[in-house]
Protein chains: 2
Amino acid sequence: MGELGAVRLDWNGKEMPALAGLTELCLVSPGDPACRLIHGDNLAAMRALGRRAMSFMLAYLDPPFLTGRLHLRVTRARHTGTGGIVRSLGPAFDDRWSGLAEYLSELRPRLVAARDLLDDRGCMVLHVDTKTSHYAKVLCDEIFGQSCFASEIVWRYRRWPSKTANFQRVHDVLLRYVKNPRTAPRFRQLYEPLAPSTQATWGNGRQRAVFDGQGRRKRSSTTETESPGTPLGDVWNIGIVAPVARERTGYPTQKPEALIERLLQACTEPGDLVLDPYVGSGTTLSVCHRLGRAALGIDASPGAVEVTLRRLEAAGVVPLLERARTAERPRRLGKTRGAEAADGQQRRGRGGQNQMVLRARAAAPKCSPT
Amino acid sequence: MGELGAVRLDWNGKEMPALAGLTELCLVSPGDPACRLIHGDNLAAMRALGRRAMSFMLAYLDPPFLTGRLHLRVTRARHTGTGGIVRSLGPAFDDRWSGLAEYLSELRPRLVAARDLLDDRGCMVLHVDTKTSHYAKVLCDEIFGQSCFASEIVWRYRRWPSKTANFQRVHDVLLRYVKNPRTAPRFRQLYEPLAPSTQATWGNGRQRAVFDGQGRRKRSSTTETESPGTPLGDVWNIGIVAPVARERTGYPTQKPEALIERLLQACTEPGDLVLDPYVGSGTTLSVCHRLGRAALGIDASPGAVEVTLRRLEAAGVVPLLERARTAERPRRLGKTRGAEAADGQQRRGRGGQNQMVLRARAAAPKCSPT
DNA sequence: GCAGTTAATGAATCGCATG
DNA sequence: CCATGCGATTCATTAACTG
């Protein structure tokens with residue numbers, strides 16, 4: 001069986017050059033170089049990082065899920081007078097698109113840019129759900145090569161039940177690709193507990209097959225050495241961040257630290273460099289700091305940057321903060337990319353946000369923003 | 001957000017007309033009309049069924065998984081002299097392809113044919129693994145329409161460990177599509193046990209949200225009525241058929257009855273008609289009989305037909321057996337469908353099999369072939 | 001009859017030998 | 001050097017056996 005050969009995903013505008021002019025990163029403040037945060041478009045920023053010849057052991061991409069919604073974040077503050085908790089809503093990120101074609105058109109160059117930044121032993125993990133995972137996988141096969149596909153990780157969670165006449169969706173998908181299929185990737189084997197039935201039959205000892213003279217297997221036996229468990233599979237049961245968890249930041253679509261921690265433990269070692277082009281609430285940066293991994297995050301949303309700065313500060317880090325500046329703002333190519341992009345809809349987070357003044361010790365000197 | 005619009009999967013030969021001449025079904029033997037088995041190419045057979053205007057509430061498709069291997073089946077028999085068990089290997093089905101393009105070219109017309117046979121309230125379930133699931137999903141979106149996509153069901157199992165530097169693959173994927181998005185589909189809500197943490201907090205009582213005067217939720221409380229559990233999600237933990245299970249037939253890639261049973265319980269009612277164009281070991285027919293669903297299975301492999309007949313006989317059914325005959329054997333279109341099909345490779349199971357004489361009470365009058 | 005123990009073996013992957 | 005094939009590995013599971 002050959003490579004994928006001729007099978008490919010096509011849409012109008014796929015081959016249009018991706019939008020990003022000449023970009024440079026401007027240092028906004030000093031900070032810990034092992035924890036960097038860039039405010040700006042992640043495509044522009046990743047290309048600028050490429051010119052700095054940075055290389056990453058893991059790129060974790062958690063893009064919008066094509067929900068068709070404008071996502072809001074909740075900010076909680078103590079009212080100075082009454083002392084009560086005041087909740088206020090603000091924009092987080094815009095996940096509205098003219099269609100799947102536009103969504104993929106934006107995602108594709110970012111996947112390419114992330115791939116280009118990977119270390120030879122590194123890998124990329126793309127977090128999506130079942131609305132887009134299949135298209136994303138075909139796209140990634142094309143970008144990375146089919147032989148670089150490593151895993152479809154299923155993150156299984158539990159959630160509030162709904163009454164739809166369907167099996168309730170209780171999983172997300174994480175697609176993992178290695179940079180180089182001929183290089184041994186960074187990988188530390190993690191283990192799960194043995195199945196109850198296995199423990200009942202074999203205890204905690206490692207099993208060993210016994211063969212007869214002709215090389216045929218006769219039976220198995222347990223050994224003295226204790227089994228570490230069964231190698232971690234690609235279906236992970238991890239709870240979502242509870243609505244009242246200390247971990248919760250108020251930023252929508254926040255991912256649990258336990259999920260990111262497992263990825264980091266398996267795919268990186270302490271000191272390795274991790275890229276997160278969709279920072280959101282800053283979970284990756286936070287866990288990287290806790291586990292001794294160097295991290296670089298990018299986000300265009302001022303809300304994301306603010307939440308992340310607070311969260312890191314609460315963890316005792318002041319990140320090195322930079323800004324991605326596109327010298328020559330590219331024109332939106334509009335009509336040439338097909339009817340679906342010509343609806344004149346307001347675009348997300350590329351204009352009108354760079355004016356925000358960012359301070360390294362931004363905003364509140366309080367605790368975690370719960 | 002519009003429909004998928006322009007995003008599509010392309011490959012050389014995609015638009016070639018699918019191979020199947022004028023086909024008719026020939027009754028080979030009388031039998032139970034609620035349990036039919038057709039020996040022949042499933043595309044030809046499905047088209048012939050279409051001319052009979054049959055309509056199905058569920059089509060379960062379990063095609064080869066693009067493993068690149070010739071799969072064998074194990075036949076066990078008691079040696080007439082020594083009384084020992086004699087194992088012998090025979091062909092089951094050929095899963096070797098020139099590439100993904102050829103695989104998809106064969107799958108696509110079968111998906112179309114299956115869709116055409118569905119009842120308006122019916123659904124199709126395609127069982128694949130992560131090598132092909134993403135391509136298959138894009139294909140199905142095109143055939144059924146994105147709005148007909150219902151679920152990506154993850155079947156999670158446990159199995160022997162391997163030492164690869166990767167998360168071990170422990171899941172298959174079942175893609176479910178409904179025929180008509182504007183019709184309420186057959187669906188019976190099934191339940192799972194509550195999570196241990198939920199039981200600890202709430203016991204087994206049904207929770208009830210409590211609201212204050214302004215319609216804001218205050219807290220929840222338990223009620224007297226016992227909770228049926230949490231609605232069944234789209235990640236299913238079901239064990240593979242154990243090597244020594246009574247259920248095991250010796251046919252490779254056999255699916256557990258528990259998996260099919262869950263599908264039937266949720267997507268059909270007693271008396272509904274179920275289609276299985278890739279019968280294999282006959283699990284679907286067997287479970288349909290047990291649950292009172294009428295079933296029609298198709299398989300081109302003589303081994304599959306033999307195993308299925310024995311299995312059904314052990315369950316007390318004699319299926320109505322037919323044969324799909326293509327009056328005018330279509331020529332393999334070879335070179336016109338692209339280089340990857342022009343390698344002169346031996347084709348799977350379409351020729352040289354129809355000569356086999358099939359008897360309704362075929363082969364051994366023994367018990368299940370373990 | 002039931003519980004506990006023993007037997008049997010699927011099939012993914014790696015490593016090594018062979019051609 | 002690359003393709004092929006076989007041996008080794010090792011949980012998971014149920015049937016069969018034993019006390």
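So you know, we letter chains A, B, ... as the sequences are listed, proteins then strands, and number each from 1.
B:Phe167 and A:Phe187 have their aromatic ring centers within a separation under 6.0 angstrom. Aromatic rings of B:Tyr278 and B:His127 (six-membered ring for Trp) have centroids beyond the 6.0 Å cut-off, not under it.
Backbone-only engagement by B:Thr164 is indicated by non-hydrogen atom pairs under 4.0 Å involving sugar-phosphate atoms exclusively.
Distance OH (B:Tyr157) to P (D:dT13): 13 Å, rounded to an integer number of Å. Atom CD in A:Gln199 sits about 12 Å away from atom C1' in D:dA12, given to the nearest Å. For A:Asp234 and C:dT13, the CG to P distance is 11 Å, given to the nearest whole Å. For the pair B:Arg69 CZ and D:dG5 P, the interatomic distance rounds to 12 Å; values are reported in whole Å. B:Ile238 places its CD1 atom 12 Å from the P atom of D:dT13, with the value rounded to the nearest Å. B:Arg96 has its CZ atom 14 Å from the C1' atom of D:dT4, to the nearest Å. Atom pair B:Leu72:CG and D:dC6:P shows a separation of 12 Å (rounding to whole Å applied). Nucleotide D:dT10 holds its P atom 18 Å from the CZ atom of B:Arg158, rounded to whole Å.
Using a 4.0 Å cut-off between a side-chain N of Lys or Arg and a carboxylate O of Asp or Glu, B:Arg73 and B:Glu306 qualify as a salt bridge. We find that B:Glu152 and A:Lys137 are not joined by a salt bridge, their nearest charged nitrogen and carboxylate oxygen being 4.0 Å or further apart.
Listed for the A:Glu192 side chain is no donor-acceptor partner under 3.5 Å among the backbone atoms of A:Gly229. Judged purely by atom type and a 3.5 angstrom limit, B:Glu102 uses its side chain to pair as donor or acceptor with the backbone of B:Ser98.
Between A:Leu58 and A:Asp272, every side-chain heavy-atom pair lies at or beyond the 4.5 Å cut-off. Using a 4.5 Å heavy-atom cutoff, the side chains of B:Phe65 and B:His71 are not in contact.
Nearest to the side-chain atoms of A:Gln207 among the listed nucleotides D:dC11, C:dG10, C:dA12 stands D:dC11. Minimum atom distance to the side chain of B:Val244 is reached by D:dT14, of the listed D:dT10, C:dT13, D:dT14. Picking from D:dA12, D:dT14, D:dC11 the nucleotide with the shortest atom distance to the side chain of A:Trp202 gives D:dA12. When the nucleotides D:dC11, C:dC14, C:dA12 are ranked by their closest atom to the side chain of B:Ser162, C:dA12 comes out on top.
Residue A:Ser197 places at least one side-chain N or O closer than 4.0 Å to OP1 or OP2 of D:dT13. Put simply, A:Thr230 has no side-chain N or O that comes within less than 4.0 Å of OP1 or OP2 on D:dT10. OP1 or OP2 of D:dT10 has at least one side-chain nitrogen or oxygen of A:Arg206 nearer than 4.0 Å.
Among the duplex regions that DNA chain C forms, those built from at least three successive Watson-Crick or G-U pairs under 3.5 Å are C:2-10 with D:11-19, C:12-19 with D:2-9, ordered by first number.
Annotation: cation-pi geometry satisfied between B:Arg262 and B:Trp236 (NZ/CZ under 6.0 angstrom from ring centroid, within 45° of ring axis). A cation-pi arrangement, defined by a distance under 6.0 Å to the six-membered ring centre and an angle within 45 degrees of its axis, is absent between A:Lys179 and A:Phe144.
Of all the residues in residues 179-196 of chain A, A:Leu194, A:Ala195 reach under 4.0 Å from DNA chain D with at least one non-hydrogen atom.
In this structure, B:Trp160 and A:Ala200 both approach DNA chain C, and ranking their closest nucleotides by distance from the 5' end singles out A:Ala200. Residue A:Thr201 is the one, among B:Pro252 and A:Thr201, whose nearest nucleotide of DNA chain C lies closer to the 5' end (criterion: closest heavy atom).
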